[in-house]
Undergrad: 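Handing you a structure now.
Sequence lines set the chain letters: A, B, ... in the order given, protein chains first and strands last, and positions in each chain run from 1.
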4 protein chains.
Amino acid sequence: MVDRILDAAARLLDVSGYDGVSTHRIAAEAGVSPGSIYQYFPNKDAIVAATVERMIERIAAQLAEAFDTVTGTGGADPVRRIVTAVLDATERNRELVRVLVEQMPRLGGSAEIRTIEQRATDLASGYLAGVTNGIPMRRPAMVWLAVQALEQITIRYVLDEPAIDREEFVAELSRLITTFTTLSVVPR
Amino acid sequence: MVDRILDAAARLLDVSGYDGVSTHRIAAEAGVSPGSIYQYFPNKDAIVAATVERMIERIAAQLAEAFDTVTGTGGADPVRRIVTAVLDATERNRELVRVLVEQMPRLGGSAEIRTIEQRATDLASGYLAGVTNGIPMRRPAMVWLAVQALEQITIRYVLDEPAIDREEFVAELSRLITTFTTLSVVPR
Amino acid sequence: MVDRILDAAARLLDVSGYDGVSTHRIAAEAGVSPGSIYQYFPNKDAIVAATVERMIERIAAQLAEAFDTVTGTGGADPVRRIVTAVLDATERNRELVRVLVEQMPRLGGSAEIRTIEQRATDLASGYLAGVTNGIPMRRPAMVWLAVQALEQITIRYVLDEPAIDREEFVAELSRLITTFTTLSVVPR
Amino acid sequence: MVDRILDAAARLLDVSGYDGVSTHRIAAEAGVSPGSIYQYFPNKDAIVAATVERMIERIAAQLAEAFDTVTGTGGADPVRRIVTAVLDATERNRELVRVLVEQMPRLGGSAEIRTIEQRATDLASGYLAGVTNGIPMRRPAMVWLAVQALEQITIRYVLDEPAIDREEFVAELSRLITTFTTLSVVPR
DNA sequence: GATGAATGAGTTTTCATTCAT
DNA sequence: GATGAATGAAAACTCATTCAT
């Protein structure tokens, strides 16, 4: 039942945004009576919050798995593989991501999305530490920018669909991150 | 009259977000009767859209001015000066930017924000063309990524307030863009 | 409009009691849309409060008039005339009184009904002072009991309709008050 | 089971008034499932009615006992002792009395409260008959007024808490009843 | 043009009652 | 008998929109 409600809420959130979600519509979409909702959620916001949480959990799980695969396996060009993993996860959850990005702020804070970012930051720190003899520990600003670049640019690429070839996008974003984090770069 | 309405709407949008805006509150804030609003706008969404359009116009104007100054004057490290200009404009319009980023998607599309991006992209292309012998014309992907990095990371920095020194932020973001767009790295 | 709403509320309060009053029913009874009500009252309780206030005002006015007549005109047996006035007013407003007595407590205090009692108490004090050389000033308990007896017993008589002749009721209640307040009985 | 439900309802009625009572809260308070209630009561009103009935029974029992004691024992000033007994019972059941007086009418009629009054009337008649050579039999109006005065004034005293000393209240109310029922009283 | 009273569909939430288990 | 999940009508209240003045 909780699942039916959350599924319905997710569908509505996806199709019509936060304002398209009303308790009656959720109930109708879930094939449930309005009253029933309140046996599982104290109010509307709790439904939306739970829906979003579930969305994030799913994306986070996919990302974590992808990261594990990347970091577990050695291999050439790990940055490119991370970029690919993030792009994969974002594309696979295109609509979820859109809803999260567009409707999220209205839910006031949402500690959850910070969790994802924290995990990504930690991961990047660890990775960079391995590559650069611990330098990132002393350069949190660099790590923060790298993570933001990875996340935000990927999200914009997936949501805005610029006329850029996927292959090329991956190559360029990888290069961006690599050149930025490889500290030996010599400006022209 | 249109101006009074749009000013009122902007103030409310700024202070209370999209949900805090009602036609009655706009009318009250503007010192106008609710009915009068409908002599100038077909419905509430049109008011908000017009308000947002005006906000964007203002930011765009500020940016354009800053860009002109930067490109007009020669000088060392033009990238850093562009980053500073963008950061300035974003910080000066912090609340407007927040509203735009957070409430924008709900207005469905908004060709306006694309306008800013296009102008920024053009500008960057032009700038890079000057620096690199016309290479950007053949590398739109690179330009797009650079512009996105500049915009999105600055927005996140201003809105999320990470514990990063302003000076350091400017330095790192400038370095990110410089290393990325400086083609000492061999293109694919 | 306010009057139409209050009239409708009064009718519903009378017929169905506090629980029979809903904003929709008031609106329907008044031939008005639910939304209109909220242009004149901030919430349902305010409507009921205003309705009750108006009821009390009416009864108070009738009583005051009756009292004036009684006290203005000299004549035999003023107590009996006061009792008659109170009984008249109560009978004429039978349904209003029923509503007030039965639904009042739920409105939380209601300074208004205290007002009536205060006026009655003042009046009684004044009257007794005239009759007994100012003794009542030193016997507020006696005045309070006399007023309560007059009010409560009359209310019960009108609402419960015991099998007692009206003439006899007036005679007995007058005797009760007279014997009680006539200080031939030696005070403690 | 019925008892558990009625106890729970009584507690809720006492603490939160009629509106604070819901079938779910009764069920929860009674440690019973909402469905079970309907095996013993046809609907919510029946529960409240039964609860009130039981309350009244208890107060009636206490009163009857007090009356028995008073009438059984001879002694000086029996009226004062009856007044004291009624005041005691009312004070001891203050909250029950408040609920009964304030919430009662909403239950529509309630033959029960009449029962108490009838018993009180009978008792008073009997007492007065003993004191006055059977006169009350021919003066039911007087008996009714005396009983009403005793009941209503005591209830108002307990519920409204006027600034009157308990001792003085008992003295005055006793005097009121005594002077009223003692038919030899000579008006000044 | 300007007004603002009036509208009524829509919102979230509650709760007495039912019924399959 | 007992359960408690499910129901759905109804509650109070909001607000974009209209229209007579």
Undergrad: Could you write out each protein N or O paired with an N or O of nucleotides 2-6 of chain F at a distance under 3.5 Å?
TA:
unit_1, atom_1, unit_2, atom_2, d
F:dA2, OP1, D:Y40, OH, 3.4
F:dA2, OP2, D:Y40, OH, 2.4
F:dT3, OP2, D:S33, N, 3.4
F:dT3, OP2, D:S36, OG, 2.6
F:dG4, N7, D:S33, OG, 2.6
F:dG4, N7, D:G35, N, 3.3
F:dA6, OP2, A:Y40, OH, 2.1
F:dA6, N7, A:Q39, OE1, 3.1
F:dA6, N7, A:Q39, NE2, 3.3

Undergrad: Taking side-chain contact (heavy atoms from CB on, under 4.5 Å) as the test, write out the residues that go with B:R25, two or more places apart.
TA: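 Result, side-chain contact (heavy atoms from CB on, under 4.5 Å) vs B:R25: B:L12, B:S16, B:S22.
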Undergrad: Do D:Q62 and D:N93 have side chains that approach each other closer than 4.5 Å (heavy atoms only, starting at C-beta)?
TA: yes
Undergrad: Counting only pairs under 3.5 Å, give me each side-chain donor-acceptor contact of residues 31-39 of chain C, with atom names and distances, residues two or more places apart or in other chains.
TA:
unit_1, atom_1, unit_2, atom_2, d
C:S33, OG, C:G35, N, 3.2

Undergrad: Looking at side-chain heavy atoms only, is the closest gap between C:R94 and C:E161 below 4.5 Å?
TA: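 With C-beta onward as the side chain, the pair touches.
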Undergrad: Rounded to the nearest 0.5 Å, how far apart are CZ of C:R11 and CD of C:E95?
TA: 14.5 Å
Undergrad: If you assign B:Y38 and C:P42 each to the DNA chain F nucleotide with the nearest heavy atom, which residue ends up on the more 5' nucleotide?
TA: C:P42
Undergrad: Between CG of C:L96 and CD1 of C:I59, what distance do you get to the nearest 0.5 Å?
TA: 5.0 Å
Undergrad: Separation of A:I26 atom CD1 from E:dT11 atom C1', in whole Å?
TA: 12 Å
Undergrad: Among all residues two or more places apart in sequence or in another chain, which pass the salt bridge (charged side-chain N to carboxylate O under 4.0 Å, His left out) test with C:D7?
TA: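 Counting only residues at least two positions away or on another chain, C:D7 forms a salt bridge (charged side-chain N to carboxylate O under 4.0 Å, His left out) with C:R54.
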Undergrad: Could you pull out all residues at least two apart from D:Q152 that satisfy side-chain contact (heavy atoms from CB on, under 4.5 Å)?
TA: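 Result, side-chain contact (heavy atoms from CB on, under 4.5 Å) vs D:Q152: C:Q152, C:R156, D:E117, D:Q148.
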Undergrad: In whole Å, what is the span from the CG atom of D:D19 to the P atom of F:dA11?
TA: 14 Å
Undergrad: Measure the distance from CD1 on A:I47 to C1' on E:dT13 and round it to the nearest whole Å.
TA: 11 Å
Undergrad: Side-chain N or O of C:T23 versus OP1/OP2 of F:dA12: is the shortest distance under 4.0 Å?
TA: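 Answer is yes, contact under 4.0 Å.
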Undergrad: Measure CZ/A:R25 against P/E:dT11 and give the value in whole Å, please.
TA: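 So the CZ-P distance, A:R25 to E:dT11, works out to 8 Å.
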Undergrad: Calculate the interatomic distance between C:N43 atom CG and F:dT14 atom P; express it in whole Å.
TA: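 Distance check: C:N43 CG to F:dT14 P gives 9 Å.
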Undergrad: Which range-with-range stems can be found for DNA chain E when each stem has 3 or more Watson-Crick or G-U pairs in a row and both distances sit under 3.5 Å?
TA: E:2-21 with F:2-21
